[in-house]
There are 2 protein chains.
Amino acid sequence: MRLGRIGYVNCYPVYGAMDRGIVAPPATLVTGTPNELNDRLADGRLDVSVISAVAYAQHASQLELLPDLAISSDGPVRSVLLLGRRPPRELDGTRVLVSASSRTSVLLLQELARERWGVQIDIATAPTEPGDLARLAATDHEAVLVIGDAALLLRAAGRYPHVTDLGEEWKRWTGLPFVFAVWAARRDAERQAVRDVHRALLGSRKWGLANLGVLAEQAARATDVDLGDCAEYLAGLDYGLSYRHLAGLTDFLRRLAARGAVPDGSLHFVSAA
Amino acid sequence: MRLGRIGYVNCYPVYGAMDRGIVAPPATLVTGTPNELNDRLADGRLDVSVISAVAYAQHASQLELLPDLAISSDGPVRSVLLLGRRPPRELDGTRVLVSASSRTSVLLLQELARERWGVQIDIATAPTEPGDLARLAATDHEAVLVIGDAALLLRAAGRYPHVTDLGEEWKRWTGLPFVFAVWAARRDAERQAVRDVHRALLGSRKWGLANLGVLAEQAARATDVDLGDCAEYLAGLDYGLSYRHLAGLTDFLRRLAARGAVPDGSLHFVSAA
């Protein structure tokens, strides 16, 4: 069993106990960026992994979801921000820079732009990692979509007058949580081993949610973001997958399927033990 | 394998080919009313059955859904009607009669009354089968919720000035299909046999959807409803379970869970073959 793991702060609550040897992972942990893990799970180099909601939908025929586990926000997510020189509803016809590394966030942005704000935006890819932020200022744009640590840092810098949290905006629009990532197994992976990994992930999450303070300290050390901001960020994330999360997930996927951005399909889960 | 089957018209497209011997059911068919089947699946007298969305949620810990199969409407359903002497938004404080035989429809009515129409209604159970319709007139009420054949017949009688189709009203409110029923297997049922039943149901549905005219004729003979109305009714139903159906299903269930009408939970599916 090869289990994919992202080193980002939003995954600490699920992998933290495994990283510390408190829960033994019944699999080899493979660390990568979201895009790397998406690709490796799709081509069989991983058996189970956290992957974006959109990557799940793109490869749904080869995958099954692990029950009761996801990364969502039910309101502000803090780490997926549109930073603008104008408000979102005044971005019609302007250029918006986005990171190449988060297709889910870009699709969410496009959905909000088109359906909620009623604007047509011109999306251009640009490096938006923390080290790229200084260079960003010199690039022609009216707004930039930043995710992860870069979002937490760039908001604190206060360079853009209009900050739109896409998790919060989705919630205001639909009344639902937004599911950024899920855990999935390949359908050809050995079932019992997948269930063992699932059980270990749930056990590790239980420890993580009971120890968010420890994880916030680790996050502050790893990212240069204030401890208070890290704690607030972790407290605002949700790792369950109950009806309201599924409602948010499928509402997003049916919108994407309706405009051809992902194949239409259904959710398939690993069978209960 | 014991497979539950409802004799109602809305199930013809899924069971029609089995009833005619065109698709061999790899199970013993057990016919019952919706409530009977819900109870039998919950207590283990059935292995697989069509059940209401609400019954699934009530017994989710013992059940798994069959992928890609459900009964929904994406707009008017025609067979779940609120017939009123006043419009829905003027029903505050009045008595509404409902059938005891459709808990899903009653919960949908309560949700719409409270959240969409902003009215408090006093719900009372009354017999509302086709044979009871004459007696209904003598019972004190401002509106009545009728389902199934009775709805098709009572609308045609034109006795109530205000007809609200709950499938259509849900769609206007949420933009989503409404899922009335799903197919589920007990978790302790033999997996391979469940998959065989699932495959047979999908095969039978394929025949049914290609032969709606034949099924409409059968329906007209069985119910005294006009052939044209039967054809329209069957054409308006949908038997898939893709993202938009799941979005409708989970949006309904998260609302019910939020007010304690069903336990909070998740969707679990029979694992892919």
Side-chain angles (χ1 to χ4, degrees), chain A residues 53-54 56-57 60-70 74 115 173-177 179 182 184-192 194-195 198 202 240-259 261-273, chain B residues 53-54 56-57 60-70 72 74 115 173-177 179 182 184-192 194-195 198 240-259 261-273:
Chain A
V54 168
Y56 166 75
S61 65
Q62 302 161 53
L63 301 177
E64 289 189 324
L65 298 169
L66 302 197
D68 306 324
L69 192 60
D74 193 16
E115 304 296 331
W173 185 33
T174 65
L176 298 169
V179 177
V182 292
R186 288 188 59 81
R187 293 192 183 187
D188 52 20
E190 207 274 300
R191 296 289 93 179
Q192 190 51 52
V194 168
R195 285 196 282 263
H198 183 223
L202 296 181
L241 192 53
S242 68
Y243 295 133
R244 62 199 178 82
H245 306 103
L246 290 172
L249 174 62
T250 51
D251 193 51
F252 183 54
L253 295 181
R254 62 123 190 155
R255 291 170 187 276
L256 297 188
R259 63 177 168 98
V262 301
D264 198 11
S266 190
L267 301 180
H268 293 265
F269 285 87
V270 171
S271 210
Chain B
V54 169
Y56 165 75
S61 64
Q62 301 159 53
L63 302 177
E64 289 190 323
L65 299 169
L66 302 197
D68 305 326
L69 191 61
S72 342
D74 194 17
E115 304 296 331
W173 185 31
T174 64
L176 298 169
V179 177
V182 292
R186 287 187 59 81
R187 293 193 183 188
D188 53 20
E190 207 273 300
R191 297 289 93 178
Q192 190 52 52
V194 168
R195 285 196 282 264
H198 183 222
L241 192 52
S242 68
Y243 295 132
R244 64 200 178 83
H245 306 102
L246 290 172
L249 174 61
T250 50
D251 193 52
F252 183 53
L253 294 181
R254 63 121 191 156
R255 290 170 187 276
L256 297 188
R259 63 178 168 97
V262 301
D264 199 12
S266 190
L267 301 180
H268 293 265
F269 286 86
V270 172
S271 210

Quick check against the 3.5 Å criterion: does Arg186(A) have a side-chain atom that pairs as donor or acceptor with the backbone of Leu63(A)?
no
Rounded to the nearest 0.5 Å, what separation is found between the CZ atom of Arg191(B) and the CZ atom of Arg191(A)?
12.5 Å
Is it the side chain or the backbone of Ala57(B) that comes within 4.5 Å of chain A heavy atoms, both, or neither?
both
Among Asp251(A), Val262(A), Leu246(A), which residue forms the greatest number of heavy-atom pairs with chain B at distances under 4.5 Å?
Leu246(A)
Under 4.5 Å from any heavy atom of chain B - which part of Ala185(A)
neither
So CG of Leu267(B) and CG of Leu241(A): to nearest 0.5 Å the spacing works out to 8.5 Å
Can you check whether Ala60(A)'s main-chain N or O pairs, donor with acceptor, with Arg187(A)'s side chain at less than 3.5 Å?
yes
Arg255(B) portion near chain A, given a 4.5 angstrom heavy-atom threshold
neither
Treating His268(A) as the side-chain partner and Pro67(B) as the backbone partner, does any N or O pair qualify as donor plus acceptor under 3.5 Å?
no
So what's closer than 4.5 Å to chain A heavy atoms on Leu176(B): side chain, backbone, both or neither?
side chain
For Pro177(B), is it the side chain, the backbone, both or neither that has a heavy atom under 4.5 Å from a heavy atom of chain A?
neither
